[in-house]
Amino acid sequence: MIERALTTIEHLFAYSPFSIVGVMARLKGNVSVDSIKKAVSGLKEKHAVLGCSIENDDVGKLWFREAKVDELPIEIIDRKDKNHWLAVLDSQSKIPFEFDKQAPIRFVLVHSPEESELMVLCHHIICDGISLASLTKDLLTFLGNRDIEFEVMPNPKPISLQNVPSGLSINGIVKLVINKMNKKWQGKKIVFDQKDYKALNETYWKNFRHKTVTIELSEE
């Protein structure tokens, strides 16, 4: 279980209404809801961050803490056609996460007995595209083999000035600008919380419309 303060970079994405990463896997044949739940449970055991909520200490600092809600959300939607998942992805991307209750990730199965799309949607505050693709690979592995023995991943160490590889440094001008911005913010500090995030999310999606564009490459 992870229990630490979020880093500056992680704070950058906090309460952002649009910073959602999604991965879709198409499954052949009938997939049971029970098998999805067991596979997601396996993910939580392997990846500690999935057992954490993100709590606000009311002075602007966010913390990874043990989640208040145990089960991660899994939604089952009846599949209409092969492109139905695109509309589901767009609608699911507008739903705010419950940061203060559980990890900001959810799973959606667009289901039919012959073929289904399994989607993983996760907030950028705990993932990027590569890590979510890796997580989805683990999910599919658990789906295909319930008896698999997996290695629990160590808690990831956040990047800091103390563990940056030797030879790398922050640009002096960038550092100066950041320090100036931090001083200005400290002088007029405004703290956002879960309630503000929901309001931001609602307002953002009233004013902006995103559209997913797909490109399919042949194997060749």
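- In this structure, Asp34 pairs ionically with Lys38, as a charged nitrogen and a carboxylate oxygen lie closer than 4.0 Å.
- Remark: Phe142 CZ to Ser41 OG distance equals 9.5 Å, nearest 0.5 Å.
- The closest side-chain heavy-atom distance from Leu139 to Ile36 is not below 4.5 Å.
- Ser131 and Asp128 form a side-chain donor-acceptor contact under 3.5 Å, judged by distance and modelled atom types alone.
- Taking a cutoff of 4.0 Å between a charged side-chain nitrogen and a carboxylate oxygen, Lys206 and Glu202 qualify as a salt bridge.
- The heavy-atom pair separating Asn201 from Pro96 by the smallest distance is ND2-CD, 3.5 Å.
- The shortest distance between side-chain heavy atoms of Ile74 and Leu109 does not fall below 4.5 Å.
- Considering Ile125, Ile105, Ile54, Ile2 in turn, Ile2 is the only one that fulfils the side-chain contact (heavy atoms from CB on, under 4.5 Å) rule with Val49.
- With a 4.5 Å cut-off on side-chain heavy atoms, Pro73 and Glu98 do not count as touching.
- Side-chain rings of Tyr197 and Phe97 stay apart, their centers remaining 6.0 Å or farther from each other.
- By the rule that hydrophobic residues join a cluster once side-chain heavy atoms approach within less than 4.5 Å of another member, Phe13 and Leu50 end up as members of one cluster.
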query = When you look at Ser16 and His123, which way does the side chain to side chain contact (heavy atoms under 4.5 Å, CB included) test go after all the steps?
reply = CA-CA 9 Å; Ser16 169; His123 199 279; 4.2 Å; yes
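- Tested against Arg79, the residues His111, Glu117, His84 include a single side chain to side chain donor-acceptor pair (under 3.5 Å) partner, Glu117.
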